[in-house]
Amino acid sequence: MDNIKDSDIQVLKRHNTGGFIGDDLLIIDNIKKAPIPRSARRMNFIFIGLCTKGTVRYTVDTKEFQVEPGDAIIISERHVVDHYLPSDDFEALCMVVSMNFFHEIIRNVSDVSALFLYSRNHPVMHFNEKEQQVFENYFQVIKSRLNDNTNHFRKELLRTLMLAMFYDLSNVIYQVQQDDIDNRRQFRNDAIFTRFIKMVEENCHHERRVSWYAEQLCITPKYLSEIVKQVSRRTPNEWIDNYVTLEIRVLLKNTTKSIKEIAEELNFPNQSLMGKYFKDNVGVTPSVYRRS
């Protein structure tokens with residue numbers, strides 16, 4: 001697995017015709033012009049697509065999937081995609097969403113994020129005609145706003161539109177999930193992982209110990225680590241760090257609070273330790289990030 005390359009959003013942008021905003025959001029309206037990977041790629045973004053014509057086969061973490069017209073595809077970060085084989089007439093509407101932008105959109109909306117987690121182990125779902133039309137409508141509206149460079153509030157507007165789309169997608173996921181529960185196919189690991197993420201969202205302001213979350217879930221830290229890594233390809237510490245740094249980024253960009261006040265709000269012993277923590281995870285200091 002060490003030889004697997006990360007997917008490259010820059011390559012997608014160079015071949016893109018649908019529009020993009022930085023490295024946050026990319027629209028692919030002509031899948032045939034997208035570069036086809038010749039080897040395994042580890043996702044570092046969320047891929048959302050709807051097959052409108054033809055078929056495609058590929059593997060996610062060595063498990064093979066076939067997508068047909070009306071099938072929705074949701075592939076999350078850290079999953080490894082390989083053996084991509086589209087039919088000659090394959091067409092799809094696709095979106096690429098960076099993890100940072102995704103978490104900005106769904107922050108404080110735990111139901112949406114918890115439902116999206118379900119798609120990690122269920123990356124293909126069939127949409128009925130109404131659900132397909134809803135997705136296509138969102139796709140066209142988001143595409144038009146994405147290419148409107150004159151709109152001063154473009155990114156904020158796109159964030160709102162994406163959240164609305166995520167609610168509708170999550171409703172479909174919810175219905176599929178309920179069917180799984182009715183048929184007793186809901187796996188214990190998925191349920192524990194979902195509860196862990198919701199707890200991190202609610203408590204990361206003041207609690208960053210894996211042992212604390214394991215205690216709340218009535219399991220050992222080792223067992224929690226095994227489950228989280230199996231389901232998400234990430235460790236519990238990585239998830240906690242992701243949510244904490246997201247909170248810091250949002251506070252730095254969207255408030256006038258001093259760095260010291262932010263450190264106190266997020267329960268760091270002092271400003272210096274928060275600065276080191278932020279730089280270790282983001283690559284720059286809080287003050288440099290705020291100015292950028």
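Given the structure is predicted, the values throughout are model-derived calculations rather than measurements.
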**OP:** Mind running side chain to side chain donor-acceptor pair (under 3.5 Å) on Y58 and D82 for me, showing each step along the way?
**Re:** CA-CA 6 Å; Y58 58 90; D82 198 5; over 6 Å; no
Considering only heavy atoms from C-beta outward, does the side chain of [X] approach that of [Y] to under 4.5 Å?
X: V228; Y: T235; value: no
X: I73; Y: P123; value: no
X: M43; Y: S76; value: no
X: F135; Y: I48; value: yes
X: T52; Y: E136; value: yes
X: L85; Y: V56; value: no
X: M99; Y: N44; value: no
X: Y243; Y: H103; value: yes

Got a sec, which residues hit side-chain contact (heavy atoms from CB on, under 4.5 Å) with [X], two or more places apart in sequence or on another chain?
X: K222; value: T220, E226
X: E129; value: none
X: E68; value: T55, Q66, D71

In Å and rounded to the nearest 0.5 Å, what is the [atom1] to [atom2] distance from [X] to [Y]?
X: L266; Y: C204; atom1: CG; atom2: SG; value: 7.5 Å
X: Q216; Y: C218; atom1: CD; atom2: SG; value: 8.0 Å
X: Q230; Y: I192; atom1: CD; atom2: CD1; value: 10.5 Å
X: S225; Y: N237; atom1: OG; atom2: CG; value: 7.5 Å
X: I27; Y: I21; atom1: CD1; atom2: CD1; value: 11.5 Å
X: S170; Y: M165; atom1: OG; atom2: CE; value: 9.5 Å

Looking at [X] and [Y], what are the two nearest heavy atoms and their distance?
X: L158; Y: I142; result: CD2-O, 3.7 Å
X: L246; Y: E104; result: CD1-CG, 4.0 Å
X: M274; Y: A263; result: SD-CA, 3.5 Å
X: R290; Y: L251; result: NH2-O, 3.5 Å
X: P69; Y: H126; result: O-CE1, 3.5 Å
X: I28; Y: F139; result: O-CZ, 3.7 Å

Original post:
Is there a chain of hydrophobic side chains (I, L, V, M, F, W, Y, each step under 4.5 Å between heavy atoms) that links I248 to V284?
Top reply: yes
Subject >> Shared hydrophobic cluster, I259 / V288 (ILVMFWY, side-chain heavy atoms < 4.5 Å) >> reply: yes
Original post:
Do any pairs count as a ring-ring contact (aromatic ring centres under 6.0 Å, His included) and have a residue in residues 270-292, sequence neighbours left out, and if so which ones?
Top reply: F268-Y277, F278-Y289
Original post:
Does anything in residues 199-235 pair up under ring-ring contact (aromatic ring centres under 6.0 Å, His included), and if so which pairs, sequence neighbours excluded?
Top reply: F196-Y213
**OP:** Can you establish whether the number of heavy atoms outside E215 located under 6.0 Å from its atom CD is more than 12?
**Re:** no
Using a 3.5 Å distance criterion without hydrogens, assess whether the side chain of [X] forms a donor-acceptor pair with backbone atoms of [Y].
X: Q133; Y: K130; result: no
X: R208; Y: N267; result: yes
X: N171; Y: Y167; result: no

What residues form a salt bridge (charged side-chain N to carboxylate O under 4.0 Å, His left out) with [X], not counting sequence neighbours?
X: D280; value: K276
X: R145; value: none
X: R234; value: E77
X: R57; value: E64

Subject >> Near-ring test F166/F102, centroid separation under 6.0 angstrom >> reply: yes
Original post:
Stepwise, does the side chain to side chain contact (heavy atoms under 4.5 Å, CB included) test hold for K53 with F90?
Top reply: CA-CA 5 Å; K53 188 178 179 181; F90 176 58; over 6 Å; no
Subject >> Worked check of side chain to side chain contact (heavy atoms under 4.5 Å, CB included) between M125 and I74 >> reply: CA-CA 8 Å; M125 284 169 275; I74 302 177; 4.1 Å; yes
Original post:
Going through the checks in order, is the side chain to side chain contact (heavy atoms under 4.5 Å, CB included) test met by V141 and L161?
Top reply: CA-CA 8 Å; V141 171; L161 288 169; 3.9 Å; yes
Original post:
Does a side-chain N-to-carboxylate-O contact under 4.0 Å join D148 and R154?
Top reply: no
Original post:
Is the closest basic N to carboxylate O distance between E207 and R209 below 4.0 Å?
Top reply: yes
**OP:** If a pair satisfies side chain to side chain donor-acceptor pair (under 3.5 Å) and one of its residues is in residues 84-102, list it, with sequence neighbours excluded.
**Re:** D24-S98, S87-D89
**OP:** Using side chain to side chain donor-acceptor pair (under 3.5 Å) as the criterion, list what pairs up with N281, not counting sequence neighbours.
**Re:** none
**OP:** If a pair satisfies salt bridge (charged side-chain N to carboxylate O under 4.0 Å, His left out) and one of its residues is in residues 261-274, list it, with sequence neighbours excluded.
**Re:** K257-E265
Original post:
Which is it for L25 and F101 under the side chain to side chain contact (heavy atoms under 4.5 Å, CB included) test, yes or no, and what are the steps along the way?
Top reply: CA-CA 8 Å; L25 176 63; F101 196 46; 4.1 Å; yes
**OP:** Check the pair E238 / N242 against side chain to side chain donor-acceptor pair (under 3.5 Å), numbers first and verdict last.
**Re:** CA-CA 6 Å; E238 286 178 307; N242 181 80; over 6 Å; no
